[in-house]
Colleague: 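Just dropping this structure here.
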Amino acid sequence: MRRLLLALPLALLPLVMAHAHDEHESLAPHEHGAGSLNVALDDKTLELDLDGPSVNLVGFEHVATSDADKATVAAARAQLENPLVLFALPKAANCVVEAQDLSSPLFNPAPEQGATKAKTEHHHSDIEAHYAFTCQNPEALKTLNLAHFFKAFPGTHKIKVQVIGNSGQQGVEVTPAAPTVTF
């Protein structure tokens with residue numbers, strides 16, 4: 001399943017290229033306010049890979065040194081650790097989280113980064129999350145609703161979603177105004 005998810009960007013490249021009218025419409029590798037979500041459904045296994053600039057989720061990209069910044073990072077991490085709420089999977093699908101992995105320099109800052117260096121140098125940092133679910137009724141997975149995600153992380157304005165599922169592959173962009181992906 002992990003190989004399928006890793007192959008998703010290559011499989012959808014023709015679809016993405018067909019929809020991009022010029023180079024400015026495609027998602028930059030690190031675009032503030034934007035993120036990406038790869039979704040793969042294979043039998044009863046649903047995998048989600050989320051990636052975006054940390055500024056979208058916590059409001060900054062530097063290593064948290066103040067108590068307020070540390071609290072903000074901890075709150076964002078706690079929300080990311082509850083994917084069934086963030087992604088509002090249909091209850092009828094009866095999905096349970098089998099695995100999750102969150103990674104970001106903000107979650108595990110390097111010990112050599114001093115407070116002064118972290119604040120004075122500008123570094124781009126991303127937050128990545130991988131989730132694996134087992135769904136007892138995968139046929140009930142008709143939609144993936146990201147409304148709760150956008151509400152929890154208002155710095156995120158759009159997410160490029162790539163889906164491989166039982167009905168084929170698709171690429172869509174979701175926003176707070178249109179937060180639902182249809183499988």
Colleague: Can you hop from V85 to F149 via hydrophobic side chains spaced under 4.5 Å?
Modeller: no
Colleague: Any side-chain to backbone donor/acceptor pair from T143 onto N145? Under 3.5 Å, distance only.
Modeller: no
Colleague: If you measure from CG on L84 to NZ on K91, what distance do you get to the nearest 0.5 Å?
Modeller: 8.5 Å
Colleague: What distance separates I127 CD1 from N56 CG, expressed to the nearest 0.5 Å?
Modeller: 8.5 Å
Colleague: Side-chain contact, heavy-atom cut-off 4.5 Å: L50 with L80?
Modeller: yes
Colleague: Where is the tightest heavy-atom contact between A140 and A92, given as atom of each residue plus distance?
Modeller: CB-C, 3.7 Å
Colleague: List the atom of K142, the atom of P90, and the distance in Å for their closest heavy-atom pair.
Modeller: N-CG, 4.4 Å
Colleague: Out of curiosity, Q100 CD to L48 CG, how far, rounded to the nearest 0.5 Å?
Modeller: 11.0 Å
Colleague: Testing the basics here: between P176 and H157, what is the closest heavy-atom pair and its distance to 0.1 Å?
Modeller: CD-O, 3.2 Å
Colleague: Which residue pairs satisfy the ring pair (Phe, Tyr, Trp, His ring centres under 6.0 Å) criterion with at least one member in residues 158-183, sequence neighbours excluded?
Modeller: none
Colleague: Taking all atoms of both residues into account, what is the closest heavy-atom pair of F150 and V174, and its distance?
Modeller: CZ-O, 3.6 Å
Colleague: What is the ring orientation for Y131 with F87, classed by angle as parallel under 30°, tilted 30 to 60°, or perpendicular over 60°?
Modeller: perpendicular
Colleague: Heavy atoms only: give me the nearest V161-V39 pair and the separation to one decimal.
Modeller: CG1-CG2, 4.0 Å
Colleague: Does any N or O in the side chain of S54 come within less than 3.5 Å of the main-chain N or O of S125, such that one atom is a donor and the other an acceptor?
Modeller: yes
Colleague: Could you go through the side chain to side chain contact (heavy atoms under 4.5 Å, CB included) check for C95 and L141 one step at a time?
Modeller: CA-CA 9 Å; C95 297; L141 287 171; 4.1 Å; yes
Colleague: Taking T45 for its side chain and T134 for its backbone only, find out whether a donor-acceptor pair lies under 3.5 Å.
Modeller: no
Colleague: Working to the nearest 0.5 Å, report the span between CG of L57 and OG1 of T72.
Modeller: 11.5 Å
Colleague: Report the C-alpha distance between L144 and L46 in whole Å, list the side-chain angles of each, state the deciding distance to 0.1 Å, and finish with yes or no for side chain to side chain contact (heavy atoms under 4.5 Å, CB included).
Modeller: CA-CA 11 Å; L144 178 66; L46 174 67; 5.6 Å; no
Colleague: Enter the distance from K44:NZ to E139:CD here, rounded to the nearest 0.5 Å.
Modeller: 8.0 Å
Colleague: Is there a side chain to side chain contact (heavy atoms under 4.5 Å, CB included) between V73 and F60 once you walk through the steps?
Modeller: CA-CA 10 Å; V73 170; F60 53 86; 3.7 Å; yes
Colleague: Out of D49, N38, D51, which one pairs with H130 under the side chain to side chain donor-acceptor pair (under 3.5 Å) rule?
Modeller: D49
Colleague: Give the intermediate values and the outcome of side chain to side chain contact (heavy atoms under 4.5 Å, CB included) for residues V181 and L37.
Modeller: CA-CA 11 Å; V181 177; L37 178 66; over 6 Å; no
Colleague: Of all heavy-atom pairs between I159 and T156, which one has the smallest distance, and what is that distance?
Modeller: CG1-CG2, 3.7 Å
Colleague: Is the shortest heavy-atom distance from the side chain of I164 to the side chain of Q162 under 4.5 Å?
Modeller: no
Colleague: Donor-acceptor pair, Q170 side chain versus T182 backbone, under 3.5 Å?
Modeller: yes
Colleague: For the atom pair CZ (R77) and CG (L106), what is the distance rounded to the nearest 0.5 Å?
Modeller: 10.5 Å
